[in-house]
Amino acid sequence: MKTATLNKGKETKYKNQYPLIDEEDIYNHDHLKEGDLFYLVTEQGTYIATCYVGRQHKGLGWVLSYDQQQNIDIAFFEKLFTLAKEDRTYFYNLEGTNAFRLFNSEGDGVGGLTIDNYNGHLLIQWYSKGIYKFKYLILQAIQNVFQYTSIFEKMRFKDTDFEGGFVTGEAPEFPIVIEENFAFYNVNLNDGLMTGIFLDQKEVRKKLRDQFASNNKVLNLFSYTGAFSVISAPIAEQTTSVDLANRSRSLTEENFGLNSIDPKSQYIYVMDTFDFYSYAERHQLLYDTIVIDPPSFARNKKKTFSVMKDYDKLIDGALNILAPQGTLLLCTNNSAYSLKSFKNTVKKTLEDADVDYDIVEVMGLPKDFKTHPHYKPSKYLKAIFVQVK
Ligand code: SAH
């Protein structure tokens with residue numbers, strides 16, 4: 001077995017079960033190749049953990065086990081998958097929901113690997129070349145533990161020409177329809193990086209419907225396939241979805257259709273968010289609830305946008321078209337943007353704008369997106385409901 005020696009002073013971090021091996025903490029890693037298993041050892045050579053090499057951002061790889069006798073084989077993955085499955089009994093039994101995450105990387109014991117269930121069609125996402133080298137062990141273990149109709153995969157790392165696709169089982173015709181909290185959404189597991197729905201937002205969507213959509217004019221910015229609009233539409237006065245991508249219009253209309261909502265009864269704009277702000281101001285449009293769920297980075301013809309730098313501009317723009325006593329739902333999935341600094345930006349922007357407000361709800365990931373207690377970035381999702389007074 002290869003070994004990687006920690007630099008002096010770095011033992012405590014890893015003995016305390018930090019799961020990601022930081023390249024800078026290792027004395028020499030030139031001998032470590034993607035997919036290698038290795039023992040992480042102290043300067044004195046004492047064993048700490050068994051890890052694999054899978055480079056992601058600054059990480060060299062992930063801890064798999066703290067037991068030196070543990071073989072990394074099919075049985076190892078089967079055990080983790082079985083635990084993950086038991087952990088999700090709630091979601092298996094949940095009425096009105098048939099899509100959820102089965103295995104959430106480091107939260108469930110293998111960083112760099114996620115498995116989602118879309119009504120029996122499973123999606124494996126590989127986040128490094130290294131974890132992909134374990135494909136056949138992992139696939140065997142998945143097939144032995146989880147029930148499925150088909151399995152698809154996506155490569156979430158850069159150094160590959162292969163995007164992913166069908167792996168095994170009975171391939172469905174896409175889109176398939178999944179149900180979540182009694183609403184229906186189209187999903188395609190075989191078309192680019194996104195599937196049509198972000199499963200990590202399911203509780204935020206439910207909260208929006210249960211508390212902030214009824215009889216309201218709901219504006220959904222960065223709307224993609226319109227999931228926040230679809231969940232609101234049956235009870236809202238009207239919904240408006242805004243997304244820059246052309247494809248968003250038909251995808252959103254189709255999702256409305258699946259839920260027996262006439263797409264023509266809702267507004268859909270293919271437009272840049274900031275252009276929409278100007279448009280809405282010009283036409284004196286006002287909204288009771290404004291959902292802002294942007295990508296971490298975006299670029300259009302004119303400018304680049306980064307959530308960490310520009311969230312204040314998104315809030316300012318929304319305030320100009322928010323009805324009295326309106327609600328903002330502010331989200332970010334950027335793991336580098338901590339809840340603390342995100343909250344600070346929200347508060348500062350509202351205070352600078354002289355707005356009287358309450359933060360009524362702060363939400364994170366649902367339980368199926370299990371996080372790691374010693375690894376903060378795994379809690380990447382932040383959703384803040386702000387009630388303006
Ligand atoms: N809120 C969505 C997910 C957003 S994904 C949901 O709940 O499912 C990010 C979306 O932002 C993409 O669909 C992308 O087309 C859109 N987007 C990126 N830059 C944009 C911009 N400047 N204005 C409007 N939409 C933008």
Side-chain angles (χ1 to χ4, degrees), residues 99 101 116 118 156 175 178 180-181 183-188 191-209 212-213 218-233 236 239-256 258-259 266-280 287 289-318 321 328-335 337 363-366 369 380-385:
R101 180 151 286 190
D116 295 315
Y118 292 90
R156 302 301 301 250
I178 63 108
E180 183 204 270
N181 289 314
F184 300 98
Y185 304 94
N186 275 326
V187 161
N188 190 334
D191 180 25
L193 282 184
M194 303 198 282
T195 63
I197 185 139
F198 288 94
L199 297 177
D200 53 1
Q201 287 276 29
K202 64 169 138 296
E203 281 169 7
V204 180
R205 278 190 283 274
K206 185 169 182 301
K207 177 68 82 184
L208 174 70
R209 178 188 63 192
F212 303 100
V218 177
L219 172 62
N220 180 10
L221 300 168
F222 304 96
S223 55
Y224 181 40
T225 55
F228 284 113
S229 313
V230 164
I231 194 107
S232 306
T239 70
T240 301
S241 305
V242 178
D243 196 291
L244 188 59
N246 269 320
R247 56 156 198 236
S248 66
R249 179 186 296 279
S250 57
L251 294 173
T252 303
E253 287 175 348
E254 284 160 24
N255 274 339
F256 279 133
L258 282 180
N259 292 276
Q266 311 296 317
Y267 296 91
I268 299 174
Y269 293 87
V270 174
M271 212 186 252
D272 169 78
T273 290
F274 291 98
D275 291 345
F276 181 79
Y277 282 154
S278 318
Y279 171 88
Y287 300 92
T289 299
I290 302 183
V291 179
I292 306 183
D293 179 30
S296 295
F297 301 97
R299 188 171 298 146
N300 76 6
K301 306 181 274 274
K302 289 169 256 172
K303 45 194 178 271
T304 59
F305 164 85
S306 130
V307 272
M308 284 175 81
K309 272 195 359 255
D310 301 316
Y311 218 109
D312 55 341
K313 299 184 190 80
L314 284 176
I315 297 173
D316 280 334
I321 54 169
L328 300 174
L329 166 52
L330 308 171
C331 310
T332 173
N333 63 1
N334 189 337
S335 61
Y337 204 176
M363 297 181 77
L365 288 169
F369 282 69
Y380 61 86
L381 184 71
K382 278 92 38 189
I384 302 182
F385 286 87

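What you see is a predicted model, and the numbers here were worked out from it, not measured in a lab. Every number for a ligand or one of its atoms is a count from 1 in the order of the listing.
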List ligand 1 atoms under 4.0 Å from Ala298, heavy atoms only on the residue side. 18 (C), 19 (N)
Side chain or backbone, does Thr225 bring an N or O within less than 3.5 Å of an N or O on ligand 1? no
What atoms in ligand 1 come closer than 4.0 Å to a heavy atom of Asp293? 1 (N), 2 (C), 3 (C), 4 (C), 6 (C), 7 (O)
Kindly say whether Phe297 contributes a backbone atom to a donor-acceptor pair with the side chain of Ser306 at under 3.5 angstrom? no
Excluding sequence neighbours, so at least two apart, what forms side chain to side chain donor-acceptor pair (under 3.5 Å) with Lys309? none
Could you tell me if any non-hydrogen atom of Arg247 lies under 4.0 Å from any atom of ligand 1? yes
Against heavy atoms of Met271, which atoms of ligand 1 measure under 4.0 Å? 23 (N), 24 (C)
Students often mix this up, so state it plainly: with edges at 30° and 60°, are the rings of Tyr224 and Phe198 parallel, tilted or perpendicular? tilted
Numbering the atoms of ligand 1 from 1, which are under 4.0 Å from a heavy atom of Ala245? 15 (O)
Going by the order shown, which atoms of ligand 1 are within less than 4.0 Å of some heavy atom of Asp272? 21 (C), 22 (N), 23 (N)
Heavy-atom pair with the smallest gap, counting every atom of Ser229 and Thr239: O-CG2, 3.6 Å
Measure across Leu381 and Asp200 and return the closest heavy-atom pair with its distance rounded to 0.1 Å. CD2-O, 3.4 Å
Aromatic plane relationship, Tyr277 with Phe274 - under 30° parallel, 30 to 60° tilted, over 60° perpendicular: perpendicular
May I ask you to check if ligand 1 and Asn220 share an N or O to N or O distance below 3.5 Å? no
So, Thr332 and Tyr311: side-chain donor and acceptor under 3.5 Å apart, yes or no? no
Phe198 versus ligand 1: do any nitrogen or oxygen atoms come within less than 3.5 Å of each other? no
Can you list the atoms of ligand 1 that are under 4.0 Å from a heavy atom of Phe228? 7 (O)
Using the side chain to side chain contact (heavy atoms under 4.5 Å, CB included) criterion, which residues pair with Leu251? Sequence neighbours excluded. Thr225, Arg247, Glu254
If I apply the N/O under 3.5 Å rule, does Phe222 come out as touching ligand 1? yes
Taking distance alone, with no angle check, do Thr273 and ligand 1 share an N/O pair under 3.5 Å? yes
